[in-house]
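Just so you know, these numbers come straight off a predicted model, no measurement behind them.
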Amino acid sequence: MNAVVIKEPGRVSLEQVEIPRPQPGFVLVKVKAAAVCATDLEVLDGNIPASYPLIPGHEWSGIVEEAGSGEDRHWIGKRVVGSNDVACLKCDACRSGNWRYCKEFEEIGFKRNGAYAEYVQVPAYGLCELPENISFQHGALCEPLGVALGTLEKAGAKFGDTCLIIGAGSIGLCMLAAAKAMGMKRIVVCASTGRRLKIAREMGAYAAVAMDHGDLQEEMGKIHPGGTDVVIDATGIEECIQQSLKLARKGGTVALAGYGRGKTMSIRIDDIHINNLRVVGAGNNWNQHGKAVSLMADGLVNIEHFVTDTFSLEEYEKSLEMARKRPEGFVKAVFLL
């Protein structure tokens with residue numbers, strides 16, 4: 001089969017590799033769509049621990065073609081998305097549903113081969129059937145939508161809460177879609193520049209603010225007097241995290257959903273201590289695919305703006321370059337197979 005393979009950090013190519021045979025408890029999925037994520041670029045650059053050589057890709061959808069166990073054969077022929085979490089299912093963490101706390105945890109697209117290929121092997125226990133009214137390319141975005149749902153859940157976000165999302169990448173925009181669906185109010189999206197804020201406005205953001213066009217604290221003082229109930233940083237950038245702590249209301253919540261790339265950062269502890277802030281790490285959002293599919297199928301979440309460019313696997317260089325440069329109007333590149 002054709003697959004995009006990262007041989008080692010900085011070296012990627014399209015290669016012919018063997019089609020995997022599903023082991024017991026796993027299924028073989030014929031990939032129909034695989035989205036390019038910014039973390040895939042981090043794997044390519046060697047900034048995230050991974051097992052090389054590696055086929056990346058953790059945002060996918062497809063059709064089950066083969067099952068490794070007889071009890072999983074009912075999945076064959078079904079349109080699916082699914083969890084990338086490979087865990088033992090036996091330890092205390094797994095039995096409580098916290099698969100990513102499992103000591104044997106591995107993730108597809110990072111430690112195991114992913115979906116930048118014609119086929120991918122995934123655990124049957126993490127599958128979710130994809131209804132016919134959701135396209136494969138939108139189904140591949142259930143993973144980033146799940147990140148948003150998991151972040152809001154960890155933040156304890158409630159109907160009627162005000163919300164500020166810092167970052168207008170695919171995760172930030174998924175946060176917007178999820179926050180609107182759950183009834184949060186006066187949702188503001190902020191980004192370093194105005195390039196993607198047009199999309200945020202089209203998606204129904206109450207306001208869209210470019211950080212390079214004025215004082216963010218002054219602007220937010222007009223929109224959320226007294227501070228914001230829930231502030232979500234979707235950038236992992238030090239300056240943005242520092243801003244998040246200053247923009248939350250007293251007793252409010254700051255959720256850190258951006259990847260910090262291993263950097264040590266400086267924050268003012270008194271911003272948290274004096275204002276009684278609740279700061280939540282939201283880097284591991286699992287088991288949200290079913291909820292994401294349900295919201296999309298019922299039309300409660302609209303992510304039609306997200307897939308801005310589609311490619312074949314043979315065009316992998318162009319797709320990765322576009323994801324890295326993020327030209328005007330770009331949100332998400334998706335491989336269609």
Side-chain angles (χ1 to χ4, degrees), residues 1-5 14-37 39-40 43 54-69 71-86 106-147 170 174 286-297 303-304 306-307 309-316 319 323 332-337:
M1 67 174 183
N2 284 325
V4 176
V5 181
L14 183 69
E15 299 189 6
Q16 276 282 315
V17 301
E18 289 189 9
I19 298 174
R21 295 299 303 273
Q23 64 194 74
F26 285 68
V27 298
L28 182 68
V29 172
K30 169 63 177 171
V31 178
K32 300 298 288 184
V36 179
C37 176
T39 52
D40 296 334
V43 172
L54 175 76
I55 301 170
H58 58 278
E59 300 178 2
W60 55 268
S61 64
I63 298 174
V64 177
E65 193 157 295
E66 187 178 346
S69 303
E71 62 266 28
D72 296 321
R73 289 187 59 81
H74 68 280
W75 283 109
I76 294 176
K78 291 186 176 179
R79 308 169 82 248
V80 295
V81 295
S83 172
N84 297 300
D85 300 348
V86 180
E106 293 182 330
E107 187 174 5
I108 290 167
F110 298 91
K111 293 293 185 179
R112 290 189 174 221
N113 282 333
Y116 285 14
E118 293 181 74
Y119 294 90
V120 63
Q121 180 184 201
V122 299
Y125 56 77
L127 291 176
C128 179
E129 190 165 356
L130 189 68
E132 291 288 344
N133 67 335
I134 302 177
S135 68
F136 284 115
Q137 62 180 3
H138 286 164
L141 302 185
C142 283
E143 200 279 340
L145 179 56
V147 170
S170 59
C174 278
W286 53 88
N287 303 344
Q288 298 285 340
H289 286 75
K291 187 184 295 184
V293 167
S294 177
L295 289 170
M296 292 169 64
I303 55 174
E304 66 182 24
F306 287 22
V307 180
D309 298 270
T310 59
F311 299 92
S312 66
L313 285 179
E314 289 76 12
E315 298 174 295
Y316 73 94
S319 66
K332 203 76 168 171
V334 175
F335 292 114
L336 297 180
L337 290 84

Just list the side-chain donor-acceptor pairs under 3.5 Å for residues 120-127, sequence neighbours left out, or say none.
residue: Gln121; atom: OE1; partner: Gln23; partner atom: N; Å: 2.7
residue: Tyr125; atom: OH; partner: Asp85; partner atom: O; Å: 3.0
residue: Tyr125; atom: OH; partner: Ala87; partner atom: N; Å: 3.0

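Taking 4.5 Å as the limit, some side-chain heavy atom of His58 sits within range of a side-chain heavy atom of Thr39. Side-chain atoms of Val29 and Glu65, non-hydrogen and from C-beta on, never get closer than 4.5 Å to each other. Between Glu118 and Ile19 there is no side-chain heavy-atom pair separated by less than 4.5 Å. Looking at heavy atoms from C-beta onward, Thr310 lies in side-chain contact with Leu336 at the 4.5 angstrom threshold. Residues Met1 and Val17 are in side-chain contact: their nearest non-hydrogen atoms beyond the backbone lie under 4.5 Å apart. Contact of the Glu107 side chain with the Asn84 side chain is registered, since non-hydrogen atoms from C-beta on lie closer than 4.5 Å. Residues Asp309 and Val334 have side chains not in contact (no heavy-atom distance under 4.5 Å, counting atoms from C-beta outward). Counting heavy atoms from C-beta on, the side chains of Val80 and Ile63 never come closer than 4.5 Å.
Aromatic ring centroids of Phe335 and Tyr116 lie under 6.0 Å apart.
Of all heavy-atom pairs between Ala292 and Cys142, the closest is CB-O, 3.8 Å. Nearest heavy atom pair, residue Cys37 against residue Glu59, reads CB-OE2, 3.4 Å. Contact record, Leu28 with Pro22: N-CB, 3.9 Å, taken as the closest heavy-atom pair. Residue Ala67 comes nearest to Ile76 through the heavy atom pair N-CD1, 4.1 Å, listed as atom of the first residue, atom of the second, then distance. Between Ala35 and Asp40, the shortest heavy-atom distance links the atoms O-OD2, 3.8 Å. Pairing each heavy atom of Leu54 with each of Arg112, the nearest pair is CD1-O, 3.4 Å.
A distance-only check finds a donor-acceptor pair linking the side chain of Ser319 to the backbone of Tyr316 [under 3.5 Å]. Formation of a donor-acceptor pair under 3.5 Å by the Ser61 side chain with backbone atoms of Phe136 is found in this model. Ser135 places a side-chain N or O within 3.5 Å of a backbone atom of His138 that can act as its donor or acceptor partner. Side-chain N or O atoms of His289 include one that pairs as donor or acceptor with a backbone N or O of Gly82 at under 3.5 Å.
Counting non-hydrogen atoms of other residues, nucleotides and ligands closer than 6.0 Å to CD of Glu18 gives a total of 12 or fewer.
Judged by the 6.0 Å distance and 45° axis criteria, Lys332 is not positioned over the aromatic ring of Phe306.
With values rounded to the nearest 0.5 angstrom, Ile134 atom CD1 is found 10.5 Å from Leu141 atom CG. Rounding to the nearest 0.5 angstrom, the gap separating the CG atom in Leu313 from the CG atom in Leu337 is 4.5 Å. Atoms CH2 and CD, from Trp60 and Glu143 in turn, are 10.5 Å apart once rounded to the nearest 0.5 Å.
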Test side chain to side chain contact (heavy atoms under 4.5 Å, CB included) on Val43 and Phe110 and set out the steps.
CA-CA 7 Å; Val43 172; Phe110 298 91; 3.6 Å; yes
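For Arg21 and Glu66, the salt-bridge test passes: some basic side-chain N is under 4.0 Å from an acidic carboxylate O. Of the charged side-chain nitrogens involved, at least one lies within less than 4.0 Å of a carboxylate oxygen, so that Glu132 and Arg79 count as a salt-bridged pair.
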